[in-house]
Protein chains: 2
Amino acid sequence: MLSKSTKYALKAVLFLAVNSSENSKVMVKDIAKPINVPQAYIAKLLQKLSKENIISSSRGPKGGFYLSEGDRQHSVLSIIIAIEGEKKLTNCLLNLKKCNEFKPCPLHNKISSIRSELLQSFGEMKIDELSQEIKAAQAFLPL
Amino acid sequence: MLSKSTKYALKAVLFLAVNSSENSKVMVKDIAKPINVPQAYIAKLLQKLSKENIISSSRGPKGGFYLSEGDRQHSVLSIIIAIEGEKKLTNCLLNLKKCNEFKPCPLHNKISSIRSELLQSFGEMKIDELSQEIKAAQAFLPL
DNA sequence: GACAAAACATGATAATAATCATATTTCGGA
DNA sequence: TCCGAAATATGATTATTATCATGTTTTGTC
Ligand code: FES
Ligand code: FES
């Protein structure tokens, strides 16, 4: 449903939400280990997220990745889109060039409203909110 | 959201639902062309579906693929599962080894009910029903 | 029974996604 | 101002998915 890359990215961002701040940055090797993701690979993903302003970073000694207050207001959806693009989620399920109700594929009417809900739900989930739940041990990060 | 293979398979089965019957089988080249899918590839997928008893086939001259009355009662979900397996749809979104409400990942509570609805919806969509809509020109197959 | 038409089976190639490796830039601190 | 620590950039390798190609079996027809 979500690509491996997207899952990795979400885990990393949530990890940063819990374990980093403006003055306590964390470097990739200290992210990769606890979330159990190949270091060189998550490094690439983090750079991409950084370039898309989903997360923040600074170079050099005492540098690393972190979430600014602004970063914490981003949604899960924005991360999904940053990594795998919007189309994966909104394309027609049978690959009609455009998904709309005027020339729908046979699955459209049955599924499109649920899919919208799903998207909306992803859009409403803010990183900040999710990290609260992790801190409160109401939710858990894998590995 | 669905793999290319799954989309191809769904298109092919719906095409058969509209254009085949017990005594009017259609061979892969006459399926591949109208649904615009590589012939050798859809051939493999059709064989898989046939082996899983989602569709029917017979060999030799005057042979081909078709849907029996029973085949028409299959759901979209059964096709998705036949092609890409169930796990793709039910796995934890962040890859916890098991997805459940007792040790949920941060996305679980927000998403799992919508995801169940989506699965249920796929399960309730029967091939027969969808083919009615295509015949009534209320829905359209791509390419 | 011979023949040809079809599905079936198997393996080879190509495209994409995931992983690994290495060089370059930036920046804090001695 | 020099050094090393970090992100950044780029490219190479591997694994998975999609695509292509070719041979084998079944079966209706003559
Ligand atoms: S037209 Fe196919 S999902 Fe909307
Ligand atoms: S535990 Fe992650 S989706 Fe259910």
Minimum-distance pair of heavy atoms, taken over all atoms of B:Ala43 and B:Val28
CB-CG2, 4.3 Å
Would you kindly check whether a donor in the side chain of B:Arg59 faces an acceptor in the base of D:dT27, or vice versa, at under 3.5 angstrom?
no
Any side-chain heavy atom of B:Val18 sitting closer than 4.5 Å to one from B:Leu141?
no
To the side chain of B:Pro61, which of D:dG28, D:dA18, C:dA7 is closest?
D:dG28
Heavy-atom pair with the smallest gap, counting every atom of B:Ser21 and B:Tyr66:
O-CB, 3.5 Å
Within residues 80-99 of chain A, residues whose heavy atoms come under 4.0 Å of DNA chain C:
none
Can you confirm whether more than 12 heavy atoms, excluding those of B:Lys97, are under 6.0 Å from its NZ atom?
yes
Between CG on residue A:Leu46 and CD1 on residue A:Ile31, distance to nearest 0.5 Å
5.0 Å
Rounded distance (Å) that lies between atom P of D:dA18 and atom CD of B:Gln47
17 Å
Separation of A:Lys7 atom NZ from C:dA17 atom P, in whole Å?
16 Å
Can you tell me how far P of C:dC8 sits from NZ of B:Lys51, to the nearest Å?
9 Å
Grab the two heavy atoms, one from A:Leu96 and one from B:Pro142, that are nearest each other, plus how far apart they are.
CD2-CA, 3.4 Å
Would A:Ser3 and A:Thr6 count as having a side-chain donor-acceptor pair, cut-off 3.5 Å?
yes
Would you tell me if any nitrogen or oxygen in the side chain of B:Ser58 comes within less than 4.0 Å of OP1 or OP2 on C:dA7?
no
I want to check one thing: is the phosphate of C:dT19, taken as OP1 and OP2, less than 4.0 Å away from some side-chain N or O of A:Lys4?
yes
For A:Lys7 and B:Asn95 the tightest heavy-atom approach is NZ-ND2, 3.0 Å
Ignoring hydrogens and angles, tell me if any N or O in the side chain of B:His74 forms a donor-acceptor pair with the backbone of B:Asp71 under 3.5 Å.
yes
Return the value, rounded to whole Å, for the distance between atom NZ of A:Lys48 and atom P of D:dA7.
19 Å
Give, ordered by number, those residues of residues 23-45 of chain A having at least one heavy-atom distance below 4.0 Å to an atom of DNA chain C; if nothing qualifies, reply none.
A:Pro38, A:Ala40, A:Tyr41, A:Lys44
Nearest-Å distance for atom pair CG/P, residues B:Leu46 and C:dA9
13 Å
For A:Lys62 and D:dA6, what is the distance between atoms NZ and C1' respectively, to the nearest whole Å?
12 Å
Should B:Ser5 be listed as having a side-chain N or O under 4.0 Å from OP1 or OP2 of D:dT17?
no
